[in-house]
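Remarks on the structure that follows.
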Amino acid sequence: MARGGPRNPMPQQDPLERVKNFDEVALGYTEEMALDEAERCLGCAKKPCVAGCPVNIDIPAFIQKIKDKDYIGASREIKLTNSLPAICGRVCPQENQCEALCVLGKKGEPVAVGRLERFAADWEAAHPDGSAGASPSQAAEPSPLAKYKVAVVGSGPAGLTVAGDLAKKGYSVTIFEALHKTGGVLRYGIPEFRLPRTILDREVDYVKSLGVNILTDVIVGRTFKVADLLEQGFDAVFVGSGAGAPKLLGIPGENLSGIYSGNEWLTRINLMRAHREDYATPIKIPKRACVIGAGNTAMDCTRTALRIGAEEVTIVYRRGREEMPARAEEIENAEHEGVKFKLLTNPKRFIGDEKGAVKAMECLRMELGEPDSSGRRRPVAVEGSEFEIECDTVIVALGQNPNPLIRTTTEGLKTESWGGIIVDAETGMTSIPGVFAGGDAVTGEATVISAMGAGKVAAAGIDKYIREKHGLD
Ligand code: FAD
Ligand code: SF4
């Protein structure tokens, strides 16, 4: 295809097959496809795509390396600013970022930047030459900064990025993670069919290889507090605790059994393997499941429900198709797998059976009014339009806010009214000297790459803070 033609489509597992397994849906470009796609890039002198990337990867430079068949070089070019390219190549909403600014998109389809990023990262992983894992911790001379200790709360993309960047500089870094496994949403939220765990494990192993100590099953705010960490001799603390508290509908019947929050549903399946007989944490397989909401979490909930054997899965959303916040690709994937969409519909109350389990949802039809503060048209209920939808499982996937534990146990920590931690945008420092924060804990639910970007800002801020505090040059 190359110049002038459409982008190379992503090879995928067949929808009828993939709904029966948790294997990755997108299979990745072959070398031939990657070369062809790279040839579509014009190598624009002004590089408009770079400004669309939250960590400013030099996109034309890495694509040129693919054109030159230097795939490992391409991966390393990306890694100059993005330490998790195999993850970002898979889950970044590129269509709203770099690809949205690609000049080819004005008249046709933009270069498939994310797919090329994934290709380069996967190529490097499949062709190790022994130098990729080299780290300061393996150097003969211990770093003079090793006596300065940094605590990181949370092992999601924000925490892993801060930890990796500071360990590379030579600091002693310990991550405290509440769950028994690392990775945050990358492990308990995003399902394996979008992000295989081998890729996440590889990235976590890399951070460990830099000398980072990771302690799981430690809930900061319960086991000990942020202030205790400073008292125990940590020079700085980074809070990357994410946004794990679900937003609920607040309507009658929401406590009936069979009703889950999106996070609970995904955690039960992705982390606790509730659908597998060899695990002791079973979940009832739905006959008719309704998922409320239309963001990425909602799409992931529908598609996991199908994979564990649900007979019918329906998205119930109060706005229309154009307003759905999930990535277009994920909406399409869900549709191809058989998910139904009931749009302009809003639940009013849940109806239970005699055992207290949900058996139906009373809903209202909606119409779209004028745009609201989000810029999307406001849904307005049609009076007297009540109707019922039968269901035995409901998953409420309306998004998440930061968990209140850290803010309620950390004296002097300033937060927004909705719970986000307030930080200095230049350094990531909070209202408490030496305490930094970033990622979803600050912004509310956002993206993997924005959490990583915040991690980079905070790592630089912590380095500056410790150097100034100890009079280092
Ligand atoms: P998290 O990933 O939430 O990690 C926070 C970590 O801190 C967790 O491991 C948590 O257990 C731990 N923690 C919390 N409190 C404590 C405590 N008190 N003590 C110790 N540890 C604690 N973004 C995309 O870019 N693309 C996508 O396709 C996409 N899909 C998504 C799908 C789902 C289902 C969800 C929920 C989100 C999705 N996102 C996606 C958003 C993205 O995953 C998040 O923005 C990102 O993970 C935020 O990173 P973080 O490091 O700030 O927090
Ligand atoms: Fe290549 Fe598109 Fe970036 Fe131009 S804008 S350099 S064509 S990816």
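Every number for a ligand or one of its atoms is a count from 1 in the order of the listing.
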With a heavy-atom distance limit of 4.0 Å, tell me whether Glu330 approaches ligand 1 through its side chain, its backbone, both, or neither. neither

Just to be sure I'm reading this right: ignoring hydrogens, which of Pro54, Ala397, Gly156, Ala326 gets closest to atom 4 (O) of ligand 1? Compare them by their nearest heavy atoms. Gly156

protein heavy-atom neighbour closest to atom 25 (O) of ligand 1 works out as Val448 N, 2.9 Å

Region of Ile406 engaging ligand 1 - heavy atom pairs below 4.0 Å: side chain

How far is atom 32 (C) of ligand 1 from its nearest protein heavy atom, and which residue and atom name does that atom have? Asp300 OD2, 3.3 Å

Closest by any non-hydrogen atom to atom 21 (N) of ligand 1: pick that one out of Pro246, Ala178, Gly295. Ala178

May I ask you to check whether Phe224 and Phe176 place their ring centres under 6.0 Å from each other? yes

Can you tell me the protein heavy atom closest to atom 15 (N) of ligand 1 and the distance? Ser241 CB, 3.4 Å

Which of the listed options, Ala441, Gly240, Ala158, holds the heavy atom that is closest to atom 51 (O) of ligand 1? Ala158

4.0 Å heavy-atom contact, Gly244 with ligand 1: no

Describe, in one word, how the ring planes of Phe193 and Phe22 are oriented to each other, choosing from parallel (under 30°), tilted (30 to 60°) and perpendicular (over 60°). tilted

Please state whether Ile190 comes within less than 4.0 angstrom of ligand 1, counting heavy atoms only. yes

Give the residue, atom name and distance (to 0.1 Å) of the protein heavy atom nearest atom 53 (O) of ligand 1. Gly242 CA, 3.4 Å

Are Phe119 and Tyr71 close enough that their ring centres sit under 6.0 Å apart? yes

Looking only at protein heavy atoms, identify the closest one to atom 11 (O) of ligand 1 and say how far it is in Å. Glu177 OE2, 2.7 Å

Of all heavy-atom pairs linking Gly293 and Ile315, the shortest is O-CD1, 3.4 Å

Heavy-atom contacts under 4.0 Å between Arg222 and ligand 1: side chain, backbone, both, or neither? neither

With sequence neighbours left out, write down each residue that passes salt bridge (charged side-chain N to carboxylate O under 4.0 Å, His left out) with Asp235, or none if nothing qualifies. Lys469

Which one holds for Thr447 and ligand 1: side chain close, backbone close, both close, or neither close, with close meaning a heavy atom under 4.0 Å? both

In short, Gly453 meets Val55 closest at the heavy-atom pair CA-CG1, 4.0 Å

Protein contact to atom 30 (N) of ligand 1 [nearest heavy atom, distance to 0.1 Å]: Arg194 NH2, 3.1 Å

Establish, from distance only, whether the side-chain atoms of Gln400 and Asp440 form a donor-acceptor pair under 3.5 Å. no

Examine the side chains of Tyr317 and Asn346 and answer whether a donor and an acceptor come within less than 3.5 Å of each other. no

Would you check whether Val218 reaches within less than 4.0 Å of ligand 1, judged by its heavy atoms? yes

Give the atom numbers and elements of ligand 1 that come within less than 4.0 Å of a heavy atom of Gly154. 6 (C), 7 (O), 12 (C), 21 (N)

Pick out which of Arg18, Arg197, Arg90 makes a salt bridge (Lys or Arg N to Asp or Glu O under 4.0 Å) with Glu24. Arg90

If we set the cut-off at 4.0 Å for heavy atoms, which region of Glu445 has an atom near ligand 1: side chain, backbone, both, or neither? side chain

Could you check whether any heavy atom of Arg187 sits closer than 4.0 Å to an atom of ligand 1, since that is the contact criterion I want to use? no

Nearest non-hydrogen protein atom to atom 52 (O) of ligand 1, with distance, is Asp440 N, 2.9 Å

Over all atoms of both residues, closest heavy-atom pair of Val396 and Leu248: CG1-CA, 4.5 Å

Side chains of Trp123 and Ser75: any donor to acceptor distance under 3.5 Å? no

closest protein heavy atom to atom 33 (C) of ligand 1 is Thr297 OG1, 3.5 Å

Hey, is Leu179 one of the residues with a heavy atom under 4.0 angstrom from ligand 1? yes

Give the single entry among Ala446, Gly189, Ser450 that approaches atom 39 (N) of ligand 1 most closely by any heavy atom. Ala446

Any chance the side chains of Asn21 and Gln13 put a donor and an acceptor closer than 3.5 Å? yes

Candidate with minimal heavy-atom separation from atom 17 (C) of ligand 1, of Leu186, Thr443, Leu271, Val220: Val220

Options Ile175, Asp217, Val185, Val91, ranked by nearest heavy atom to atom 35 (C) of ligand 1, top entry: Val185

Taken in chain and number order and not counting sequence neighbours, the residues that satisfy side chain to side chain contact (heavy atoms under 4.5 Å, CB included) with Met33 are Asn8, Pro11, Tyr29, Thr30

